[in-house]
Number of protein chains: 2
Amino acid sequence: MNNKNNTISSITYDVIKRDIIFGKLKPSIKLKLDNLKNNYNASLSTIRETLNRLASEGFVKAEEQRGFFVNDFTKDDLIEIANIRVLLECHAITLSIENGDTDWEGNLVASHHKLSLLEKETQKDYKKNREEWKKYDWGFHLALVSNCGSQNLLNLHSILYDKYIRYQMAVTKYRGKEAEDEHKILFEAALKRDTKLATETLEKHILKGLEHTLSIFK
Amino acid sequence: MNNKNNTISSITYDVIKRDIIFGKLKPSIKLKLDNLKNNYNASLSTIRETLNRLASEGFVKAEEQRGFFVNDFTKDDLIEIANIRVLLECHAITLSIENGDTDWEGNLVASHHKLSLLEKETQKDYKKNREEWKKYDWGFHLALVSNCGSQNLLNLHSILYDKYIRYQMAVTKYRGKEAEDEHKILFEAALKRDTKLATETLEKHILKGLEHTLSIFK
DNA sequence: ATAAAGTAGAAAATATAATATTTTTTTAAA
DNA sequence: TTTAAAAAAATATTATATTTTCTACTTTAT
């Protein structure tokens, strides 16, 4: 998730962020400092540091003198996030394909292979394999954009991906075959350096996922 | 800059961020906790909270167990930032024009008027009026995108604008007439709901500014 | 009787200071 | 140049004070 896990602060950050993304800390709930302090075995200052970071990334909402809350789920927020993800990821994949070298290709092949293997497992028991699936899905999408040459873009993209996926993790049903096919087309388009097909498929992939996830609000 | 200035924490955040943007805290320098504590009259914990926020926005670089540093100036970083700003702001202005109502128009007229008045002053003494100029330039660019309907997009855009402008604030020469003309064309295009002209002008505006700012690296 | 306004006490956030530990950096010696 | 000791600085916690917000209760007015 982050760089290295040397300090208590960075461990706490990783764990709380993960718990928000996977819904262990539910949307809208209040993050009482005293509770977190006990549950995550860190001091008040450390907890506050962590929450401030998460707040500026938009996973947590900080209300001055009222405390911290896990960011709400709202339909509009999800739609906004999906659209920004499309914008950033399509831009990044375009640059990535332009710059693509053999290392990039190799990494892409590997990450798609691992993802497609796991997708078979995931079909069987989504709830159990959600966390693993997210790791490999991210691995693939990161491989796609990793050659874009812009660290700033990669940083933004990674936050938007996590925000998007937090919503998806709240849906109990796996999207399945359809998403797997999109991954395959996307993969092959990127290898063939077909930017147009890649971006079109990627946009479709994200927006289909959005549609699927919108079921939370029905 | 931020919401309200109620807590020491948020005041400290605003002041340190401003000092980074306007170069009072210079690129690459180490932000020693003890110094900051004394210079900004806040406790260690408060300073650390602030720096963690600024680090996750990318104004400060946090190196685990080595401390915090003002983010470097590099040519590549500036180019990346400018390009992401183009991507986000052009997207946002397109949405904004689509949704544009009379309130938006009114606000746009007002902010462009105020900016163009100040631009005359700025010509005379850029160094003196830099801070004011930045305020009104931001006011105008914000007015342009404010109707895009996406809070997530506005949040991202505001950070990218500040990162872009930090570099520009380091250039002693004012870009002048050329930038003013671009503002005027942009303003009129937005009023006429001419999305194509608006986005083209905006892109040109940002990239010309980039070129001007790149002089730092020569 | 009911709704609004006020109030006291509890709970929680904010903020600092003192201090201990660990890591990094600097300085000096081999 | 390497190594060892000392200093500096970051990390982390705890205790504590202050302020603000929240909650439950009481008073007041319609």
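Per chain, numbering begins at 1; letters A, B, ... match sequence-line order.
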Side-chain donor-acceptor pairs of residues 90-100 of chain B under 3.5 Å, sequence neighbours excluded:
| from | atom 1 | to | atom 2 | distance (Å) |
| --- | --- | --- | --- | --- |
| Thr94(B) | OG1 | Cys90(B) | O | 2.7 |
| Ser96(B) | OG | Leu144(B) | O | 2.8 |
| Ser96(B) | OG | Val145(B) | O | 3.3 |
| Ser96(B) | OG | Asn147(B) | N | 2.8 |
| Ser96(B) | OG | Cys148(B) | N | 3.4 |
| Asn99(B) | ND2 | Leu95(B) | O | 3.3 |
| Asn99(B) | ND2 | Asn147(B) | O | 3.0 |

Could you state the atom-to-atom distance from CG of Asp34(A) to C1' of dA13(C) in whole Å? 10 Å
Which atoms form the tightest heavy-atom contact between Ile47(A) and Tyr40(A), and what is the distance? CD1-CB, 4.4 Å
Show me the side-chain donor-acceptor pairs of residues 206-218 of chain A shorter than 3.5 Å, one per line, residues at least two apart or across chains.
| from | atom 1 | to | atom 2 | distance (Å) |
| --- | --- | --- | --- | --- |
| His212(A) | NE2 | Lys173(A) | O | 3.4 |
| Thr213(A) | OG1 | Gly209(A) | O | 2.8 |
| Ser215(A) | OG | His212(A) | O | 2.9 |

note: Tyr40(A), atom OH; dA12(D), atom P; distance rounded to Å ~ 17 Å
Between atom CZ in Phe69(A) and atom C1' in dT21(D), what is the gap in whole Å? 10 Å
Do the side chains of Gln123(B) and Glu180(B) get nearer than 4.5 Å, heavy atoms only? yes
Using whole Å, report how far CD of Glu63(B) lies from C1' of dT11(D). 15 Å
For Arg48(B) and dA15(C), what is the distance between atoms CZ and P respectively, to the nearest whole Å? 16 Å
Pull out every protein N or O sitting under 3.5 Å from an N or O of nucleotides 7-12 of chain C, one pair per line with the distance.
| from | atom 1 | to | atom 2 | distance (Å) |
| --- | --- | --- | --- | --- |
| dA12(C) | OP1 | Lys32(A) | NZ | 2.9 |

Regarding Thr12(A) and Ser9(A), is there a side-chain donor-to-acceptor distance under 3.5 Å anywhere? no
Test: ring-ring contact (aromatic ring centres under 6.0 Å, His included). Region: residues 135-171 of chain A. Which pairs qualify, not counting sequence neighbours? Phe73(A)-Tyr167(A), His112(A)-Phe140(A), Trp138(A)-His157(A), Trp138(A)-Tyr161(A), Phe140(A)-His183(A), His141(A)-His183(A), His141(A)-His205(A)
Nearest heavy-atom contact between Leu33(B) and Leu44(B) is CB-CD2, 3.5 Å
Using atom types as modelled, flag every donor-acceptor pair under 3.5 Å from a side chain in residues 21-32 of chain B to any protein atom, sequence neighbours excluded.
| from | atom 1 | to | atom 2 | distance (Å) |
| --- | --- | --- | --- | --- |
| Ser28(B) | OG | Asp72(B) | OD1 | 2.7 |
| Lys30(B) | NZ | Arg66(B) | O | 2.8 |

Output one line per pair: protein atom, nucleotide atom from nucleotides 16-23 of chain C, and distance, for all N/O pairs under 3.5 Å.
| from | atom 1 | to | atom 2 | distance (Å) |
| --- | --- | --- | --- | --- |
| dT16(C) | OP2 | Ser43(B) | N | 2.8 |
| dT16(C) | OP2 | Ser43(B) | OG | 2.9 |
| dT16(C) | OP2 | Thr46(B) | OG1 | 2.8 |

Taken to the nearest whole Å, CD1/Ile47(B) to P/dT11(D) is 13 Å
Separation of dT20(D) C1' from Asn6(B) CG (nearest whole Å): 10 Å
